[in-house]
Amino acid sequence: MARVKKEESTKPKDDIILIDGEEFEKEFVYRATSKILNVPKDSIYYSAATYTLNIDYLELKIDLKVFAQDLRTARAEKL
């Protein structure tokens, strides 16, 4: 009987946002940003090209390097 190599489960790259060398789940980033800024989660999207979170109806762009500490705090507080 052949042994089956157990593969580690990993998140697809599309589900991860890398901020300052730290991995954040995209769903967490959207949920935390929604709570921090009090905006609908479905209005937030990530742009890898500009490395920003964009909020459509506010025409707002958030630089992730600047926002990283807020996300770390939110994750530590299990927001």
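The hydrophobic cluster containing L53 also contains Y57, counting ILVMFWY residues as joined when their side-chain heavy atoms lie under 4.5 angstrom apart, directly or transitively. In this structure, I44 is not a member of the same hydrophobic cluster as L18, with clusters built from ILVMFWY side-chain heavy atoms closer than 4.5 Å. Residues L60 and Y51 share a hydrophobic cluster, clusters being chains of Ile/Leu/Val/Met/Phe/Trp/Tyr side chains in contact below 4.5 Å.
In this structure, OG1 on T50 lies 8.5 Å from CG on L64, to the nearest 0.5 angstrom. Between the CG atom of L71 and the OG1 atom of T33 there is a distance of 5.0 Å, given to the nearest 0.5 Å. Between the CG atom of D63 and the OG1 atom of T52 there is a distance of 7.5 Å, given to the nearest 0.5 Å.
Annotation: side chain of F28 is not in contact with side chain of I17 (no heavy-atom distance under 4.5 Å). L58 places none of its side-chain heavy atoms less than 4.5 Å from the side chain of L37.
S34 and P40 make their closest contact through OG-C, 4.0 Å (heavy atoms, listed as atom of the first residue, atom of the second, distance). Contact between V39 and I55 at its shortest, heavy atoms only, is CG2-CD1, 4.1 Å. The minimum heavy-atom distance between N54 and K61, with the atom names listed, is OD1-CG, 2.8 Å.
The backbone N or O of E22 sits nowhere less than 3.5 Å from a side-chain atom of D20 that would complete a donor-acceptor pair. Under a 3.5 Å cut-off, the side chain of Y30 and the backbone N or O of Y46 do form a donor-acceptor pair. Between the side chain of T73 and the main chain of Q69, a donor-acceptor pair closer than 3.5 Å is present.
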Verdict with reasoning, E25 to I16, per side-chain contact (heavy atoms from CB on, under 4.5 Å)
CA-CA 5 Å; E25 290 184 25; I16 299 292; 4.3 Å; yes

Hey, mind stepping through I36 and F67 against side-chain contact (heavy atoms from CB on, under 4.5 Å) and telling me if it holds?
CA-CA 11 Å; I36 291 168; F67 198 55; 4.0 Å; yes

